[in-house]
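Both counts, for ligands and for their atoms, begin at 1 and track the order of listing.
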Amino acid sequence: MSKILVTGGTGYIGSHTVVELHNAGYQVVIVDDLSNSNIKILDQIEAIIGIRPTFHQFDLCNEEKVKAFALAHTDISGIIHFAASKAVGESVQNPLKYYRNNFFSLINLLISFNKKINFVFSSSCTVYGQPDTLPVTESAKVKQAESPYGNTKQIAEEILTETAAVTPDLNVIALRYFNPVGAHKTALIGELPNGVPANLVPFITQSAIGKRGPITVYGNDYDTPDGSAIRDYIHVVDLAKAHVAAIKRMEAGEADGNYEIFNIGTGKGSSVLEIIKAFESTTGETLKYQIGARREGDIEKIYGDVAKSNSLLGWKAALDLNEMMRSAWEWEKYIKSNPF
Ligand code: NAD
Ligand code: WQD
């Protein structure tokens with residue numbers, strides 16, 4: 001049974017991936033500094049899978065600590081690297097925090113695990129900006145980043161491409177996520193946004209539960225059927241399973257070269273107003289919303305071409321919008337009655 005290091009494993013996507021790795025028979029070691037997550041997530045993971053994952057708390061920007069960790073864990077055969085700062089708006093206010101955290105942690109891992117290793121990197125559809133053609137394929141041109149956060153993902157992909165080119169022992173799969181939403185079906189783990197959520201679905205659930213006021217729809221004058229912006233929303237459990245598929249592909253030696261990129265989405269676009277309607281019809285709740293101005297930096301529409309991940313990774317999103325909304329709502333209610 002191979003051992004996988006999950007950095008950022010107490011975070012939103014990391015915690016769901018720890019569960020799916022366990023379900024697929026992997027041993028998991030988590031490293032997280034808890035800068036954007038809660039230690040109680042370990043209890044929650046244990047409640048789902050029946051065992052407590054091994055956990056180490058330290059900052060991956062600390063080169064000495066990462067080196068010592070790598071020396072003490074020579075049995076690790078794969079790394080899924082989630083740990084990063086991810087708030088787009090904050091990255092504009094504090095670019096150095098983003099360049100420091102997202103690059104130092106990545107580089108320290110690559111320097112320290114200088115042996116045969118399978119590496120999955122959390123990239124983002126943000127690297128495409130507004131694509132010229134939709135659905136966007138992995139070969140589409142990467143656009144000038146809209147934010148320091150987006151820039152860290154573009155440059156991290158370059159760091160990995162260039163490093164893989166001269167490091168035959170390093171196998172890399174970069175997964176470009178579209179918009180992850182939803183929570184585990186047990187409602188024991190989910191997204192824990194910091195402060196007022198910038199993302200649509202956490203704002204919807206917090207508004208529905210009375211923690212926030214009405215939702216503002218950022219723009220209804222886009223060139224889309226209902227005027228609101230379109231995204232490819234993907235259930236976090238489907239996304240988590242894509243990481244297991246990526247590790248399996250590298251372990252089986254099926255990868256085409258030692259650096260690959262895959263889009264991870266459903267391939268289907270939904271507008272902001274469609275998401276609001278899906279939440280209402282799935283949960284029976286009525287949402288209050290108003291139309292506001294476009295949000296600066298937002299793109300009009302994006303959804304992924306997922307043919308490559310469907311065929312080569314053997315992975316396909318299975319959960320629909322109803323399950324995304326239902327699970328997000330169950331998690332919001334759970335966290336209200338069981339605050340961390
Ligand atoms: P998250 O903030 O919930 O999880 C990240 C985890 O990493 C947190 O638990 C945090 O404490 C930890 N961490 C951050 N810096 C660290 C450091 N220096 N050392 C150790 N631990 C550190 O975020 P998430 O939504 O689960 O995102 C995971 C990854 O996926 C990130 O790389 C993010 O950029 C990427 N991503 C997220 C989305 C999204 O919408 N959530 C979309 C595309 C890509
Ligand atoms: C979705 C849609 C908003 C909130 C961001 C990052 C991206 C990626 C995922 C990591 C947009 C609209 C939102 C609200 C609204 N993260 N909206 N009212 O902007 O696609 O992507 O998160 O890599 O990098 O930029 O996601 O959830 O913020 O917005 O109308 O209160 O909902 O304008 O059209 P986005 P989002």
Working for side chain to side chain contact (heavy atoms under 4.5 Å, CB included), residues Phe113 and Phe69: CA-CA 9 Å; Phe113 285 88; Phe69 178 85; 3.9 Å; yes
Candidate pair Glu296 and Tyr218, rule side-chain hydrogen bond (donor to acceptor under 3.5 Å, both in side chains), full reasoning: CA-CA 9 Å; Glu296 202 189 322; Tyr218 296 142; over 6 Å; no
Flag Ser123 as yes when one of its N or O atoms lies below 3.5 Å from any N or O atom of ligand 1, and as no otherwise. no
Here the atoms of ligand 2 under 4.0 Å from any heavy atom belonging to Ala229 are 34 (O)
Using a strict cut-off of 4.0 Å, indicate which atoms of ligand 2 neighbour a heavy atom of Ser124. 10 (C), 23 (O), 24 (O)
A student checking ligand 1 against Ser35 at a 4.0 Å heavy-atom cut-off should list atoms 10 (C), 11 (O), 13 (N), 14 (C), 15 (N)
For atom 29 (C) of ligand 1, grab the closest protein heavy atom and report residue, atom and distance to one decimal in Å. Phe82 O, 3.3 Å
Please report which non-hydrogen protein atom sits nearest to atom 36 (P) of ligand 2, along with the residue it belongs to and the distance in Å to one decimal place. Asn199 ND2, 3.4 Å
Subset of ligand 1 atoms that lie under 4.0 Å from at least one heavy atom of Ser37: 8 (C), 9 (O), 11 (O)
Heavy atom under 4.0 Å from ligand 2: found in Leu200's side chain, backbone, both, or neither? both
Identify the closest protein heavy atom to atom 3 (O) of ligand 1: which residue and atom is it, and at what distance? Tyr12 N, 2.9 Å
Identity and distance of the protein heavy atom lying nearest atom 20 (O) of ligand 2: Arg231 NE, 2.5 Å
How far is atom 15 (N) of ligand 1 from its nearest protein heavy atom, and which residue and atom is that? Asn101 ND2, 3.0 Å
Please go through Leu71's hydrophobic cluster and name the other residues, only I, L, V, M, F, W, Y counting, with side-chain heavy atoms under 4.5 Å joining them. none
I need the nearest protein heavy-atom contact for atom 33 (O) of ligand 2: residue, atom name and distance, please. Asp298 OD2, 2.5 Å
Show which atoms of ligand 1 fall inside a sub-4.0 Å distance from at least one heavy-atom site of Ser124. 43 (C), 44 (C)
Please state which part of Phe178 comes within less than 4.0 Å of ligand 2, counting heavy atoms only: side chain, backbone, both or neither. neither
Write out the residue and atom name of the closest protein heavy atom to atom 2 (O) of ligand 1, then the distance separating them to 0.1 Å. Asn36 ND2, 2.7 Å
Among all protein heavy atoms, pick the one closest to atom 17 (N) of ligand 2 and tell me residue, atom and distance. Tyr218 CD1, 3.5 Å
Closest approach of any protein heavy atom to atom 2 (C) of ligand 2, naming residue and atom: Tyr233 OH, 3.5 Å
Going by the 4.0 angstrom heavy-atom rule, the piece of Pro180 near ligand 2 is neither
Is the closest heavy atom of Arg176 to ligand 1 under 4.0 Å? no
Would you indicate whether the side-chain heavy atoms of Tyr177 and Asp232 approach each other to under 4.5 Å? no
Geometric class of the His81/Phe121 ring pair [parallel <30°, tilted 30-60°, perpendicular >60°]: tilted
Per-atom contacts of ligand 1 with Phe58, taking only distances under 4.0 Å to non-hydrogen atoms: 19 (N), 20 (C)
Should we count CG of Asp75 as having more than 12 external heavy atoms under 6.0 Å? yes
So the atoms of ligand 1 within less than 4.0 Å of a heavy atom of Ser122 turn out to be 29 (C), 30 (O), 32 (O), 35 (C)
Between Thr17, Asp59, Asn199, Ile13, flag the one that comes closest to atom 27 (O) of ligand 1 by a heavy atom. Ile13
Report the nearest protein non-hydrogen atom to atom 10 (C) of ligand 1: residue, atom name, distance rounded to 0.1 Å. Asp32 OD1, 3.4 Å
Applying side-chain hydrogen bond (donor to acceptor under 3.5 Å, both in side chains), run through Tyr98 and Asn151 and close with a yes or a no. CA-CA 9 Å; Tyr98 279 69; Asn151 211 19; over 6 Å; no
Please give me the minimum heavy-atom distance between Ser123 and Glu157, naming the atom from each residue. OG-OE2, 2.6 Å
Looking at Lys241 and Asp238, is any side-chain nitrogen of the basic one under 4.0 Å from a carboxylate oxygen of the acidic one? no
Just to confirm my output: which protein heavy-atom neighbour is closest to atom 24 (P) of ligand 1, and how far is it? Lys86 NZ, 3.8 Å
In this structure, does ligand 1 have an atom that sits under 4.0 Å from one of the heavy atoms of Ser85? no
Using non-hydrogen atoms of the residue, decide whether Tyr149 is closer than 4.0 angstrom to ligand 2. yes
Phe178-ligand 1 polar pair, N/O distance under 3.5 Å: no
For Phe58, look at atom CZ and say whether over 12 heavy atoms of other residues, nucleotides or ligands are found less than 6.0 Å away. yes
Starting from atom 40 (O) of ligand 1, which protein heavy atom do you reach first, and at what distance in Å? Pro180 CD, 3.3 Å
Tyr177 N/O to ligand 1 N/O under 3.5 Å: no
Six-ring centre of Phe178, Arg231 cation under 6.0 angstrom, axis tolerance 45°: no
Let me see the working for Glu146 and Thr126 under side-chain hydrogen bond (donor to acceptor under 3.5 Å, both in side chains), right down to the final yes or no. CA-CA 8 Å; Glu146 289 278 354; Thr126 192; over 6 Å; no
Just wondering, are more than 12 heavy atoms of other shown residues or ligands nearer than 6.0 Å to NZ in Lys301? yes
Test side-chain hydrogen bond (donor to acceptor under 3.5 Å, both in side chains), reference Thr205, set Glu285, Glu332, Glu191, output is Glu332
Just checking Lys316: does its NZ atom have more than 12 heavy atoms from other residues, nucleotides or ligands closer to it than 6.0 angstrom? no
Nearest neighbour in protein (non-hydrogen) for atom 18 (N) of ligand 2: Thr216 O, 2.7 Å
Purely on distance, is any nitrogen or oxygen of Asp33 under 3.5 Å from one on ligand 1? yes
Chi angles and distances behind the side chain to side chain contact (heavy atoms under 4.5 Å, CB included) call for Thr7, Leu5: CA-CA 6 Å; Thr7 76; Leu5 165 62; 4.0 Å; yes
Exceeds 12 heavy-atom contacts within 6.0 angstrom, atom NZ of Lys115: yes
Among protein heavy atoms, which lies nearest atom 26 (O) of ligand 2, and at what distance? Asn179 ND2, 3.1 Å
Among all protein non-hydrogen atoms, which one is nearest to atom 19 (O) of ligand 2, and what is the separation to 0.1 Å? Arg295 NH2, 2.9 Å
Which bit of Val88 is near ligand 2, meaning a heavy atom under 4.0 Å away: side chain, backbone, both or neither? side chain
How does Lys153 reach ligand 1, by side chain, by backbone, by both or by neither, if only non-hydrogen atoms under 4.0 Å count? side chain
How far is atom 4 (O) of ligand 1 from the closest protein heavy atom, and which atom is that? Gly11 CA, 3.5 Å
Distance under 4.0 Å to a non-hydrogen atom of Tyr149: what atoms of ligand 1 satisfy this? 33 (C), 34 (O), 35 (C), 36 (N), 44 (C)
Please identify which atoms of ligand 2 are closer than 4.0 Å to at least one heavy atom of Val217. 30 (O)
Give the single entry among Leu60, Val6, Leu34 that approaches atom 19 (N) of ligand 1 most closely by any heavy atom. Leu60
